[in-house]
Enquirer: 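Handing you this structure, nothing more for now.
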Amino acid sequence: MTHQNLLPILLRGATLAKEMADAHATAVAYLRKETVARMKAEILEDIQDTMVDKDVKSFSELHNYVDANTYGGMCEDALNDAFCAFFGGRDEHEGMPDAYIAFLNDCQGDVDEWLKNGRPA
C-alpha cells in the first residue's frame, strides 16, 4: 500500500476521531447536568429532613452535616463502576480515572456555586 492510498484512510480516521470526541463531550455535558440535578435534589431533601442546615453556603460546609461526596450517587457501587468505565476504567492500582475525578470536581463546583448563590431554581 502506498502513502497515497493511506491518505483517505487517515483522513477518515481523523474525522471519526473528531466525531467520537464530540459525542463524548456531549455525553459528559449531559451526565454533568443530570448528576448536578440529582445532587441538588438530594441536598434539598437533606435540608427538608433537617440533616443539613438550611443556611448552608458551600459544598465544603455540607461536610459539617453529611458525607457530601455521596451526593449524586457517587458511592453507589454500580453507578460508580459505570462512571469509572465511561471515563476510561480504573488504573493499575484500582484508582478512579483522572477524567472521572475532574468530572466529580466540576459537579461539586457547580453545586458549590449554586449554594453560594442562594440555591436558585
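The shown structure was predicted, so the numbers you read here are calculated from the model rather than taken from an experiment.
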Enquirer: Considering residues, nucleotides and ligands other than Asp81, do more than 12 of their heavy atoms fall under 6.0 Å from its CG?
Expert: yes

Enquirer: For Val66 and Met51: C-alpha separation, side-chain torsions, deciding distance, then whether side-chain contact (heavy atoms from CB on, under 4.5 Å) applies.
Expert: CA-CA 8 Å; Val66 296; Met51 290 177 57; 4.0 Å; yes

Enquirer: Glu76: what forms a side chain to side chain donor-acceptor pair (under 3.5 Å) with it, not counting sequence neighbours?
Expert: Arg38

Enquirer: In chain order, what residues pass the side chain to side chain donor-acceptor pair (under 3.5 Å) check against Arg32, with sequence neighbours excluded?
Expert: Asp110

Enquirer: To the nearest 0.5 Å, how far apart are CG in Asp67 and OG1 in Thr70?
Expert: 5.0 Å

Enquirer: Would you check if Glu61 and Asp53 make a side-chain contact, meaning some heavy-atom pair closer than 4.5 Å?
Expert: no

Enquirer: Atom CD of residue position Glu113 - does it have more than 12 heavy atoms of other residues, nucleotides or ligands inside 6.0 Å?
Expert: no

Enquirer: How many angstroms lie between atom CE of Met74 and atom CG of Leu79, to the nearest 0.5 angstrom?
Expert: 5.0 Å

Enquirer: Checking ring-ring contact (aromatic ring centres under 6.0 Å, His included) between Phe103 and each of Tyr30, Phe86, Phe83, which is the one that passes?
Expert: Phe83

Enquirer: Do Gln108 and Met39 touch side chain to side chain, with heavy atoms closer than 4.5 Å?
Expert: yes

Enquirer: Any chance you could measure Cys107, atom SG, to Glu34, atom CD, to the nearest 0.5 Å?
Expert: 11.0 Å

Enquirer: Go through the steps to decide whether His24 and Val28 satisfy the test side-chain contact (heavy atoms from CB on, under 4.5 Å), and finish with yes or no.
Expert: CA-CA 6 Å; His24 188 268; Val28 169; 3.5 Å; yes

Enquirer: May I have the step-by-step check of side-chain contact (heavy atoms from CB on, under 4.5 Å) for Phe59 and Asn69, ending in yes or no?
Expert: CA-CA 9 Å; Phe59 190 86; Asn69 295 319; 4.2 Å; yes

Enquirer: Between Ser58 and Leu115, is there a side-chain heavy-atom distance shorter than 4.5 Å?
Expert: no

Enquirer: Is there a side-chain contact between Tyr100 and Arg90 in this structure, where contact means two heavy atoms from C-beta onward sitting under 4.5 Å apart?
Expert: no

Enquirer: Please round to the nearest 0.5 Å and tell me the distance separating atom CG of Asn117 and atom NZ of Lys57.
Expert: 10.5 Å

Enquirer: As an exercise, state the distance from CZ of Arg119 to CD1 of Ile43, rounded to the nearest 0.5 Å.
Expert: 9.0 Å

Enquirer: Considering non-hydrogen atoms only, spot the tightest contact between Trp114 and Pro120 and give its length.
Expert: NE1-O, 2.9 Å

Enquirer: Got a second to check how far Met20's CE is from Asp22's CG, nearest 0.5 Å?
Expert: 11.0 Å

Enquirer: As a quick check of understanding, evaluate side-chain contact (heavy atoms from CB on, under 4.5 Å) for Val111 and Tyr71, giving each step before the final call.
Expert: CA-CA 10 Å; Val111 170; Tyr71 285 127; over 6 Å; no

Enquirer: With a cut-off of 6.0 Å (strictly less than), are more than 12 heavy atoms of other residues, nucleotides or ligands near CD of Glu19?
Expert: yes

Enquirer: What heavy-atom pair brings Cys84 and Pro97 nearest, and what distance separates the two atoms?
Expert: O-CG, 3.5 Å

